[in-house]
2 protein chains.
Amino acid sequence: MMASTGQQADERDILSRLRFAILSLDLVPGEAVSERALEAQFQVSRTPIREALFHLVRDGLVVRDGRSYAIAPFDMAEIDEVFAFRDIVEPAAVRLAAKLATPEQIAAIRHSMNFSHEEFTPERWLEMGLDFHVRCAALSRNRCLETALQDVTLRTLRARWLSFASEEGRATTHREHSAILNLIEARDAEGAARAVLAHSASVRLEVRDAIENARLFMGRRGIVGE
Amino acid sequence: MMASTGQQADERDILSRLRFAILSLDLVPGEAVSERALEAQFQVSRTPIREALFHLVRDGLVVRDGRSYAIAPFDMAEIDEVFAFRDIVEPAAVRLAAKLATPEQIAAIRHSMNFSHEEFTPERWLEMGLDFHVRCAALSRNRCLETALQDVTLRTLRARWLSFASEEGRATTHREHSAILNLIEARDAEGAARAVLAHSASVRLEVRDAIENARLFMGRRGIVGE
DNA sequence: AATGCCGGATTGGTATACCAATTTCTCGGG
DNA sequence: CCCGAGAAATTGGTATACCAATCCGGCATT
């Protein structure tokens, strides 16, 4: 069946618990799930399970085929689309951010960035939810940009989770994020846009590697596309 | 209480019925709603009502303040953000569309466009749901672009509904849409991008006008922002 | 042995019952 | 007349019961 994660009734809400189970590959990509099985596993009734599943479908971690649910497989094609999309939207977002961000906002991002980097635990990294890119997008003062980036960021959540397993990957990310933030602070819109594109390209490669490495752990159904 | 729309139990699913009630201003922007009141009005149990409300919150037609629901007021600031976002994303989408669209896809869009224009009924226009912009975005073969445009299009749904009350507004829209589609067909990526921007600007003005005109019908809570 | 049909088990969708928290109303004291 | 305390009603959140559709397996027939 499944491992240790979700048996005793945590305090955390069911959405977080389910998401964690998916991200940690406790629930296998490509595998079918049913509301009732989850109800039994997580010891909550179907109503909140259903609600959580809605969110997870929306976030792309669960897919529906007709009436039945399945854990979303890794979709290489989708990942390419996500990064292509980000390359359109994120440069525009940081250009605006470079114009509009206040020093306080920048400091706040830098603080939580360092905080979560120095004392890294999967739960914290996940709980904080809004990550760097979403918070930068928020600096653009355009909620559409912010939520679009958030949606799209969520779709690579599992892959990033995989690639964040190594301290090295985290360090690279932290360095590039710092650089972007500095450029925003310096009001260098074009520089920030370029840095974002470069960062995107490197993360894209990392993510694809991480999935390839995880390929062995997953059945043929676990990875699709391309 | 409320007008004629939703009393007898239609066949249509509750999400459509609720959305229609909101779009037609049967449910007043800014007004509080409760699951139980809707349950009584629409003669379905709270479970599907909750589900529908979840979708409507996601689409921006309903807002949550703490635990309670309210019909989303028109938000002028949000509308500006929506159009700013579209001006970033849509040109990129049609550029890709101009590269990738097949003649069949273009013909399909043109057909349903003319179809829904010639024999216009509010229900059909609404039911078809995916409208021109979303379908064009789909031509980019990037699902992120498609869903981002869809999300953002939904957020101006009520405003466009208002502006589509006049045959004149519909005709203008139809003409501009045709022009964009022709440019895509001609593989003129830059021309299509320019046409989209021009169209966006004109629609933006139309939409703001429509809301201003509707201002009188709505209480102070019905319009916020700016 | 292969196939097709039937029945039970499982599924998601819906209705309803129950609860705790919040809001609203009322009524008494100042 | 105003204000506040407490009770009653209303709210969203959750659990559960019920239903119809679907899926699956086994048995009978060929």
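Letters go in sequence order (proteins before strands), and every chain restarts at 1.
Within the structure, side-chain hydrogen bond (donor to acceptor under 3.5 Å, both in side chains) contacts touching residues 47-56 of chain A (residues at least two apart or in different chains) are A/E35-A/R50. The side-chain hydrogen bond (donor to acceptor under 3.5 Å, both in side chains) contacts involving residues 73-85 of chain B comprise A/R143-B/E81, B/E78-B/R155, B/D80-B/R204, B/D80-B/R208, where partners must be two or more places apart or lie in separate chains. Within the structure, ring pair (Phe, Tyr, Trp, His ring centres under 6.0 Å) pairs that include any residue of residues 61-87 of chain B do not occur (at least two apart or interchain). Applying the salt bridge (Lys or Arg N to Asp or Glu O under 4.0 Å) test to pairs two or more places apart or on separate chains, those with a residue in residues 57-70 of chain B are B/R19-B/D59, B/R58-B/D151.
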Return a single string for nucleotides 12-18 of chain C, one symbol per nucleotide in 5' to 3' order, where B is base contact, S is sugar-phosphate-only contact and - is none, cutoff 4.0 angstrom on heavy atoms.
BBBBBBB
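Atoms CG (A/L38) and P (C/dT10) sit 16 Å apart, rounded to a whole Å.
Considering only residues two or more places apart in sequence or on other chains, B/N114 meets the side chain to side chain contact (heavy atoms under 4.5 Å, CB included) condition with B/R110, B/E118, B/H174.
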